[in-house]
Amino acid sequence: MPELPEAETIARGLRRAIAGKTIRDAGVYLPKVVIAPKRPRFGAQLAGDRIAGVGRRGKYVTIELSSGRSLVVSLRMTGRLIVQAAGDGLYPYTNVALEFVDGTRLAFADVRQFGRMRLVRPGERWDAELGIEPLGGEFSVAALRAMMRRRTTPIKAFLLDQKRIAGVGNIYACEALWEAQIKPTTPAGRLSAGRAERLHAALLSVLARAIEMRGTSARDYVDAEGIAGGFQNVLTVYGRAGEPCPRCGKELVRTVLAQRGTWWCRSCQRT
DNA sequence: AGGCGTACCTGAGGGC
DNA sequence: TGCCCTCAGGTACGCC
């Protein structure tokens with residue numbers, strides 16, 4: 001799915017496009033997508049509420065309502081949040097749609113049907129299991145080292161664990177490890193202080209640059225306006241098996257780690 | 001508790 | 001053309 005930079009880009013676009021709009025109704029076309037409220041009447045629950053703002057936490061997009069409730073959206077692999085003009089037909093694979101009183105619509109579309117949406121009550125701690133925000137002030141080298149201490153899991157799997165750091169997915173984990181010259185299989189707890197520092201810097205850098213370029217459209221991702229990102233044009237390793245490493249020229253490889261494709265350079269990511 | 005494998009889905013792309 | 005296989009920005013759940 002969309003990882004942190006894509007969720008951030010979507011949230012920014014949505015904020016501009018739908019803040020202030022009043023919901024007339026909501027249509028649920030694939031019931032399993034709505035985790036809560038379980039009992040239908042989803043539309044009735046939302047009707048009359050207004051979009052107060054749009055935020056992001058990890059890879060989740062949060063649509064804040066003036067009632068104090070929020071719609072929390074997990075886009076998973078292929079989920080899209082698309083703003084549609086009045087009169088537009090339902091966007092392909094729309095599973096849930098917010099219909100606004102001005103005739104425009106927010107479509108939550110997802111071919112693979114993995115994406116989920118839930119309505120959370122004011123103050124409900126829906127993100128209790130989510131880890132630290134990598135671009136927030138609390139994510140320091142010391143915090144990263146403390147989290148990695150004694151972890152035997154491969155560093156790549158560690159980066160994908162949302163309970164530790166929230167928002168890093170497969171693309172940015174691969175890119176950050178390449179940039180920090182760290183081998184994806186190295187146990188997290190065995191990274192040296194220097195490597196931890198490089199990894200921390202690489203994560204910040206990669207995520208910030210990806211946001212600047214409005215995310216990575218490796219295949220399906222588009223923002224709230226249906227527009228592709230630009231970071232796929234500057235990826236260094238992800239999806240580039242067989243091509244030369246931009247740093248050392250050796251051939252990049254694809255292996256499987258934690259059941260995920262993993263792209264890296266055997267030559268300059270040694271430990 | 002932590003770590004690992006599997007299930008959930010559809011569609012695109014490559015090989016034959 | 002078409003069939004069959006593999007692969008895909010993720011996460012929840014169950015097992016050890």
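Order of the sequence lines sets the chain letters (A, B, ...), proteins ahead of strands, with each chain counted from 1.
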Looking at C/dT11 and A/Phe114: do their rings stack (centroid distance under 5.5 Å, interplanar angle under 30°)?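 According to the criterion (under 5.5 Å, under 30°), no, A/Phe114 does not stack.
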
Does OP1 or OP2 of [N] have a side-chain N or O of [X] closer than 4.0 Å?
| X | N | answer |
| --- | --- | --- |
| A/Tyr93 | B/dG11 | yes |
| A/Thr78 | B/dT10 | no |
| A/Lys163 | B/dA1 | no |

Of the candidate nucleotides B/dT10, C/dT11, B/dC8, which contains the atom at the shortest distance from the side chain of A/Lys32?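 The listed nucleotide nearest to A/Lys32's side chain is B/dC8.
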
Which is true for [X] with a 4.0 Å heavy-atom rule: it touches a base, it touches only sugar-phosphate, or it touches nothing?
| X | value |
| --- | --- |
| A/Tyr172 | nothing |
| A/Arg254 | sugar-phosphate |
| A/Thr216 | base |
| A/Arg151 | sugar-phosphate |

Let's see if you get this right: which residues in residues 220-227 of chain A place a heavy atom under 4.0 Å from DNA chain C?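 DNA chain C contact set from residues 220-227 of chain A: A/Asp220, A/Tyr221.
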
Stem segments of DNA chain C by first residue number [Watson-Crick or G-U, under 3.5 Å, at least 3]: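 Stem list for DNA chain C: B:2-8 with C:10-16, B:10-16 with C:2-8.
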
With no angle test and no hydrogens, is the base of C/dA8 tied to the side chain of A/Arg260 by a donor-acceptor pair under 3.5 Å?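 Looking at the base of C/dA8, it does not pair with any donor or acceptor on the side chain of A/Arg260 (distance under 3.5 Å).
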
Taking only the P atom of each, what is the distance from B/dC9 to C/dC3 in whole angstrom?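 One P to the other, the span is 24 Å.
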
For the residue pair A/Arg247 and A/Trp178, would you count it as a cation-pi contact if the rule is NZ or CZ under 6.0 angstrom from the ring centre and within 45 degrees of the ring axis?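 So A/Arg247 does make the cation-pi contact.
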
